[in-house]
Amino acid sequence: MADQNPARPTPAGNEVAVQITRMNKWYGTFHVLRDIDLTVMRGERIVIAGPSGSGKSTLIRCINRLEEHQSGQIIVDGTELTNDIKNIDKVRSEVGMVFQHFNLFPHLSILENLTLAPIWVRKVPRREAEETAMYFLRKVKIPEQAAKYPGQLSGGQQQRVAIARSLCMKPRIMLFDEPTSALDPEMIKEVLDTMIELAEEGMTMLCVTHEMGFARQVADRVIFMDQGQIVEQNEPEEFFLNPKSERTKLFLSQILGH
Amino acid sequence: MVDTAQPFARTEMLPPQAPPLTERGAVKWLRENLFSGWYNTFLTLVGLWVVWSLVSMAAPWLMNGVWNAGSLAECREIVAARAGEGASGACWAMIRDRWHQFMFGFYPRDAYWRPILALVLLFVALAPVLFQQVPRRLLWFTILYPAVAFFLLWGGSAWTPVVAMLGFVVLAAGYRLLSDRLGVPLATGIGVVLMVLWWLFVDAPLATALSSLMPIGLPPVDSDQFGGFLLAFVIGVTAIAFSLPMGILLALGRQSDMVLVKTLSVGFIEFIRGVPLITLLFTASLLLQYFLPPNTNFDLILRVIILVTLFASAYIAEVIRGGLAALPRGQYEAADSLGLDYWQAQRLIIMPQALKISIPGIVSSFIGLFKDTTLVAFVGLLDPLKGITQIVRADIDWKGIYWEPYIFVGAIFFVICFGMSRYSMHLERRLKRDHR
């Protein structure tokens, strides 16, 4: 069924975008991530689901080193994440991230939020950066808000600005950390629409989300995590209709049960 | 109720209406705020009585003020003649006679134009920092201002400040040449070393050589001759200007992951905050000389400025740390995730917000610092409050005068501090972005 959807071509190639091998992470003595193995191909859309505290946010935050892993290997776009600050900054400028609470810069206008990183990190001339910013603002359908400040926008608009801000860096991979969890129900759709559009363009995406409709519609693969481990991963149809593990069945019955 | 059972759908929305008369007007305000009950009525009456007695005590003294007299005795005669025997009156004539000492101390009278010009230029230098409408190009003058002010106030050879400023040019040149190859921290370090070497070994001989070649300059004025508000301004403005950047660095150092930087910052801040300012001032005036190489004559005002700056920077560091702590972690994460490096994130994202949050605290520190400049009286400098007032009251003509000089000095301090406070409120409003 899903394969009939023209908006879902199979992943572009066999190029590896993110390679995680036997990765472990502890918070103090608490073992948050246990032996994570994950390969993400270029152009692949992955949804990570799981109960709270299962380590799904921590996992994607390791990919741009907002969290440090203690053992194992993470290779992003051919660059291994180590303590080398140069590699970290390189990976971060290639990997966009969208947060649950938007994290826009409240002291800067929307346009300045979007142009800041291109100007300072990519050394793009201001004019060009502003043109790019306006292009992406039109894409997320709020070009008229460019001169306003984040505090003047609704939650949904702020989150779309946050997506545009990441896109302005022309990232090769996008991470979404529960992008709709802090939004009113009326605003979730506008953010999901933006994300779906992005997915249709072939962006490599890793989304932590509870939006199962979104997972069914765009994901190539759904990963279910519990207690810091990947419990099950499968194509969305199989995952939802035919969950293999008991834990997954319980989780799905709880979130889809009403 | 029957209505609740009925299905209901509103066909039109109700427009807002004006409030009833009892919710408007001055009488209502009085009744609500001053006479809302017997207890508040009583408090209002007591308050009115206190205000009345204060005014009735002070008013005749102020009304009978004398502006033209040669001495306190003459003042009293005029008051007695005008308002009758036993009447009290302020003797402002003293201020007319001695205002220049309150302002300049013993600065040579024929050179008053120099501090006045320095003050005017101070406002020119401050304008681009304080107000956005001023052209940014004026910032160059702001950078040069310390040298200009030093030259105007202390006089001497014009080459001394020029050659000293060249030290910063050496720093900038070293940074420019090396930063691409060695990275920012190392290039800055080498630049600073070069600058210090310049000051230690090149500065003095070069300045002497240049001034013997081309002797231009102003008659020198000794630090002993500084006094009054001139002194308070020199110390206050310099310390304010330098303590803010130092405070920022200390606050960042205190949050640093690097153990050495963190320990040094914490140690410095806690030491300075644990010691009274007067102790530091005594250190400046007495002890510091022992630690310096023999025969270095380090100006007392300069030493005091350095220690007052260190003192203020420790407090400002803590105020800014409060601002940093108030920022959500998401701001750091967003800056990191966009690939900004540490200094970019601090300069573009973190500091603008942390400083904005800290404005009230920073300005309080500045106001406190400016008032603390009067403490230099304890190391023998002529501050306006104690130093100059003592000198004026030691004069046989004005012996016994008490309220007037303190009211005068207090009023000037109030105007300046109130101005700073109002400016900070203006700044907070200007930077307000949440539009709530």
Taking side chain as everything from C-beta outward and backbone as N, CA, C, O, which of these in Val95(A) sits under 4.5 Å from a heavy atom of chain B? Side chain, backbone, both or neither. backbone
Quick one: salt bridge (charged side-chain N to carboxylate O under 4.0 Å, His left out) pairs with a partner in residues 243-255 of chain B, sequence neighbours left out? Arg254(B)-Glu270(B), Arg254(B)-Glu318(B)
Measuring from Glu190(A):CD to Asp193(A):CG, what's the distance to the nearest 0.5 Å? 8.5 Å
Between the CD atom in Gln346(B) and the CG atom in Leu249(B), the distance rounded to the nearest 0.5 Å is 10.5 Å
Less than 3.5 Å apart, any donor N or O on the side chain of Lys356(B) or Gln353(B) sitting next to an acceptor on the other? no
Looking only at the aromatic ring of each residue, does the gap between the centers of Phe370(B) and Phe366(B) stay below 6.0 angstrom? no
CZ/Arg176(B): more than 12 non-hydrogen atoms of other groups inside 6.0 Å: no
Mark yes when over 12 heavy atoms from residues, nucleotides or ligands other than Phe242(B) sit less than 6.0 Å from its CZ; otherwise mark no. no
Could you please state which residues from residues 333-341 of chain B sit under 4.5 angstrom from chain A, measuring non-hydrogen atom to non-hydrogen atom, sorted by number, or 'none'? Glu333(B), Ala334(B), Ala335(B), Asp336(B), Ser337(B), Leu338(B), Gly339(B), Leu340(B), Asp341(B)
Phe105(A), part contacting chain B, at a heavy-atom distance under 4.5 Å: both
Any donor-acceptor pair under 3.5 Å linking the side-chain atoms of Thr79(A) with those of Lys90(A)? yes
Work out which heavy atom in Asn83(A) is nearest to a heavy atom in Arg65(A); give both atom names and the distance. OD1-NH2, 2.8 Å
If I measure from the heavy atoms of chain B, does Leu104(A) come under 4.5 Å with its side chain, its backbone, both, or neither? backbone
What residues of residues 159-182 of chain A sit under 4.5 Å from chain B when you count only heavy atoms? Arg165(A), Met169(A)
Residues Glu15(A), Met41(A); criterion side-chain contact (heavy atoms from CB on, under 4.5 Å); working and verdict: CA-CA 6 Å; Glu15(A) 198 183 335; Met41(A) 306 307 284; 5.8 Å; no
Show your reasoning for whether side-chain contact (heavy atoms from CB on, under 4.5 Å) applies to Tyr149(A) and Ile110(A). CA-CA 6 Å; Tyr149(A) 286 88; Ile110(A) 300 304; over 6 Å; no
Is there a donor in the side chain of Gln19(A) and an acceptor in the side chain of Thr39(A), or the other way round, less than 3.5 Å apart? yes
Quick check on Arg273(B): does its CZ atom have over 12 non-hydrogen neighbours (other residues, nucleotides or ligands) under 6.0 Å away? yes
Among residues 123-137 of chain B, which residues come closer than 4.5 Å to chain A, judged by heavy atom distances? none
Chain B contacts, top residue of Arg122(A), His101(A), Met97(A), His107(A) (heavy-atom pairs, under 4.5 Å): His107(A)
Value rounded to 0.5 Å, distance of OG in Ser364(B) from CD1 in Ile316(B): 10.5 Å
Verify side-chain contact (heavy atoms from CB on, under 4.5 Å) between Asn24(A) and Leu33(A), making sure each step is shown before the conclusion. CA-CA 5 Å; Asn24(A) 282 280; Leu33(A) 291 178; over 6 Å; no
Which atoms of Gln331(B) approach chain A - backbone, side chain, both or neither, heavy atom under 4.5 Å: both
